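Everything below concerns the one structure shown next.
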Amino acid sequence: MNSRIGIIGENSIEFIEILLDIWKNQNIACIFDWRIPLSEIEFRIKEADIKLCYIQKNILNKSISVCEYKEYEVKDSSFSFVPQYIYDNFTNNYSKSEAIILYSSGTTGVAKGIKLSHYAINKNADMIHECLNSKKDECVFLAKPMSHSSGLVTGLIHSLKYKVQLVVCNPTQSPTKNLYNIFNSNATTLLINPSLLKLFVLAQKKLNLNFHKLRIIRVSGSAITTELVNEAKACFGESIKILNGYGLTETGPAITMQNMEDNSNGYVSVGKQLNGVELKIDIIENDIGKILVKTPCLFIGYVSIGEDFEFQNGEWYNTGDIGRIDKEGNLFILGRQDNMFTVGGLNVYPEDIEKKLQEKIPQIEECVMISNKNDLFGNKITLYYSSSYKCDLNNKIREFCSDNLASYERPINIIKINSLPRNSNCKISRKADDYKKYE
């Protein structure tokens, strides 16, 4: 009771069984993404004082050495309908006690273990349901890992609470295989992140399957471009609704979400705040500033020593993101506060520029703007990008930057590389040191 127990595995029925059993015995589940290095997993296990860890068989190259572990076998690693007994075994829990530990992406720093209460994840699922008003005849296909807060809460917990048919798959298997899985499961809703949706679009262009049941694609996790939305609608059907959402693990996670009726402003916003959430902008310049939030689903604290604290009721939480809110209450995300840098005393929002570049030059598969300090000229911007397109895109990129960006926003150097460096959580790295070998 009240012990922290680890889980390492892909999305599966067995994974869900273990999770619910941990909660049934009043213990705390600590979920680790199996794709991160073993040394990082072991560090997190020790940090969280975990004595027992469940590990999917054959998923790690080496055995865990820092705690007792039990291997479990997955019967179907392709895709599975969540059976009725799982729904029956799920219990609503609104206690303020610690329920789960999930780790942040750590894009620019060290990943943090984030503690969420039962109340936070159950309440957040209620808020999501009120926004979406999910129907009993829906079939949700979860193409997001349950080791991340969005897949866990907006996918698994929401579906179990409201008896929505859920299909779980391994998001890392080929997009072609998962497209057939979506087709064969007659899914009506797809939960996915933008980078994986892009791969699905490329695969669907070749397969041209008729997704006559699919009605909704719910997207969150990173910025989605208008270009990708248009491509997805062309591939999956113009009548499909693509609903964007936003949140952080620390906020339970969902803060804002588009619903079926709230699509008038296009797909560049992440929708309006969920019922019970308050948002405000701490202005930096014009109408742009830090996004602050009040939510009943705020996390309890961090695992690491010195960061274990509780927020008081009514306290505004700084999301660390930069954005703006329009007159209709729609939130627009420009990027991370940590990623913003200054050139000549003027603010540059790299993620907003990266999104525009990918939208206007679809041959760019991924890109990132890195700022290097220069003693003579201040910050110097370099754009790194990857593309399978054989022709050189540098001139096209420079032309776009000249026509659309202020002089201080334009990269000094443009460098094509095979693939962008990743951090331990498989997110694109923004650390300048990771790009020095490409200079």
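Remember, predicted model here, so these are calculated numbers, not experimental data. Below, each value reflects all heavy atoms present in this structure, side chains not excepted, and no hydrogens, waters or symmetry copies.
Classification of E227 and K355 as a salt-bridged pair fails, no side-chain N sitting under 4.0 Å from a carboxylate O.
Around the OH atom of Y389, the shell of radius 6.0 Å holds no more than 12 heavy atoms that belong to other residues, nucleotides or ligands. Within a 6.0 Å radius of NZ in K161, more than 12 heavy atoms belonging to other residues, nucleotides or ligands are found.
If you check the side chains of Y385 and N394, you find a donor sitting under 3.5 Å from an acceptor. Side-chain N/O atoms of N275 and E130 include a donor and acceptor closer than 3.5 Å. Inspection of the Q56 and E10 side chains reveals an N or O donor paired with an N or O acceptor under 3.5 Å. In the model, S95 has a side-chain atom that pairs as donor or acceptor with a side-chain atom of N93 under 3.5 Å. Residues Q337 and D321 bring no donor and acceptor atom of their side chains to less than 3.5 Å of each other.
Side-chain N or O atoms of E354 include one that pairs as donor or acceptor with a backbone N or O of M369 at under 3.5 Å. Judged by distance alone, with hydrogens and angles left aside, the side-chain atoms of S269 form no donor-acceptor pair with the main-chain N or O of F332 at under 3.5 Å.
A centroid separation of less than 6.0 Å is found between the aromatic rings of F299 and Y317.
Ring geometry for F211 against F183 counts as perpendicular: the plane angle is over 60°, on a 0 to 90° scale with 30° as the lower cut.
Contact of the I288 side chain with the N347 side chain is not registered, since no non-hydrogen atoms from C-beta on lie closer than 4.5 Å. At a threshold of 4.5 Å between non-hydrogen side-chain atoms, the residues L243 and N259 do not count as touching.
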task: Decide yes or no on salt bridge (charged side-chain N to carboxylate O under 4.0 Å, His left out) for R4 and D49, but give the supporting numbers first.
output: CA-CA 7 Å; R4 290 174 174 171; D49 193 27; over 6 Å; no
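Residue I255 forms a side chain to side chain contact (heavy atoms under 4.5 Å, CB included) with just one option from L274, V270, L279, and that option is L279.
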